[in-house]
Amino acid sequence: LGYFDCISAPCEDTCPANQGIPSYMYHTAHGDFESAYRVITETNAFPNATGMVCDHVCQTKCTRINYDESLAIRDIKRFVVEWHNENAQDEKKELTASNGKKVAIIGAGPTGLSTAYFLLKQGFEVDVFEAKDKPGGMVSAAIPRFRIDEESIMTDVEEIVRMGAHIQYNHKVLAEEFEQFQKDYCAMVIAVGAQDVPQLNIPGIQAQGVYASLDFLKKAREGISINLGKNVVIFGGGNTAMDVARTSYRMVGNDGKVTIVYRRTVEEMPAVYQEILDAMQEGVTFMELAAPVEIFTGATGKVTRVQCIKM
């Protein structure tokens, strides 16, 4: 087989957005970057953001693995999108004619804005209501700045606004307004995302110095000062754990220590393997086959040590 002659495209089947990967790879290989960009944006409302932080599960199923190694699908997407941003003509694109129907979307995160993107393509009018003062949801609130910058997120959002989306910020939809929306709109989409994270059910979890992952990442991205000390422990082995570990390592400095404690082995961690490698290369320590059973505190109520059990 040639590089893009997949009889079936397992990369495309594995991609959560079912991107037309063989097609945009083909166009890129032939130097037709604008056609590649059009293929990407057929099914992807956030090409800039996903070009930087998508977990590229497609690359684990790339047909080329049967011959040599996976193609660099995410990096090529990022290249194509950046080329488009730099070279595309600044022309007024024709918008889809309205079909006369209006939809309300609650939440301006990836789900809400992706919904807006595809509805606008089909001629719907879209009003988006966001409780916070900026769009992007967890992408703009929690993913560390060293992984994705504000500009990449806003480039995608601005394109959706240009298509006709009306976004109202600092607008939390309450019960009475929700009922009114059911009369004013032909449909509503609730895309409020993950509002909370589960806690470990172990003694000491409420101690001073214990942080929920998303709260920690939000504060770090906003530049809020966090006193971590010099010895940080992270429980978990997913992508969020890697973000927390790498962020913490930047805070504690070279004389500090950051340890990831995971109940299984490194090979069994659900995080993208490249994220694990990045954390290792930056200096994060990994403790395998260990699970926390209790957090101990001193007289001030602050964490002093953690007891784990060997799995």
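These numbers come from a predicted model, not from an experiment. We count residues from 1, following the sequence as given.
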Identify whether Phe216 and Met138 are in the same connected component of the hydrophobic contact network (ILVMFWY, side-chain heavy atoms under 4.5 Å).
no
Approximate separation, where rounding is to 0.5 Å, of Gln180 CD and Leu174 CG:
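Atom-to-atom, Gln180:CD and Leu174:CG are 13.5 Å apart.
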Lys/Arg-Asp/Glu bridge criterion (N-O < 4.0 Å) met for [X], [Y]:
| X | Y | answer |
| --- | --- | --- |
| Arg145 | Glu222 | no |
| Lys61 | Asp13 | no |
| Lys219 | Asp215 | no |

Test item: side-chain donor near acceptor, [X] and [Y], under 3.5 Å:
| X | Y | result |
| --- | --- | --- |
| Asn85 | Thr155 | no |
| Glu34 | His84 | yes |
| Thr265 | Glu288 | no |

Between [X] (side chain only) and [Y] (backbone N and O only), is there a donor and an acceptor less than 3.5 Å apart?
| X | Y | result |
| --- | --- | --- |
| Ser70 | Gln59 | yes |
| Gln19 | Ile21 | no |
| Arg264 | Leu289 | no |
| Glu12 | Gly20 | no |

Which residues share a ring-ring contact (aromatic ring centres under 6.0 Å, His included) with Phe118, sequence neighbours left out:
none
Set of residues satisfying ring-ring contact (aromatic ring centres under 6.0 Å, His included) with respect to Phe181, sequence neighbours excluded:
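Counting only residues at least two positions away or on another chain, Phe181 forms a ring-ring contact (aromatic ring centres under 6.0 Å, His included) with Phe129, Tyr185.
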For residues 241-249, which side-chain N or O atoms pair as donor and acceptor with protein atoms under 3.5 Å away, sequence neighbours left out?
residue : atom : partner : partner atom : Å
Asp243  : OD1  : Arg147  : NH1          : 3.0
Asp243  : OD2  : Arg147  : NH1          : 3.0
Arg246  : NE   : Glu282  : OE1          : 3.3
Arg246  : NE   : Glu282  : OE2          : 3.2
Arg246  : NH1  : Glu275  : OE1          : 3.3
Arg246  : NH2  : Glu282  : OE2          : 2.8
Thr247  : OG1  : Asp243  : O            : 2.7
Ser248  : OG   : Val244  : O            : 2.7
Tyr249  : OH   : Glu282  : O            : 3.4

Check the surroundings of atom OH in Tyr169: do more than 12 heavy atoms from other residues, nucleotides or ligands lie under 6.0 Å from it?
yes
Which residues pass the side chain to side chain contact (heavy atoms under 4.5 Å, CB included) test with Glu42, sequence neighbours left out?
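Applying side chain to side chain contact (heavy atoms under 4.5 Å, CB included) to Glu42 gives none.
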Check Thr41 against Pro47 and note the closest heavy-atom contact, atom names and distance.
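Heavy atoms only, the tightest pair is CG2-CG, 4.0 Å.
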Where do Val128 and Ala108 come nearest, in terms of heavy atoms and distance?
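Shortest heavy-atom separation between Val128 and Ala108 comes out as CG1-CB, 3.9 Å.
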Taking only residues two or more places apart in sequence or in another chain, which ones pass side-chain hydrogen bond (donor to acceptor under 3.5 Å, both in side chains) with Asp156?
Asn48
Under the rule for salt bridge (charged side-chain N to carboxylate O under 4.0 Å, His left out), what residues qualify as partners of Asp255, not counting sequence neighbours?
Lys230
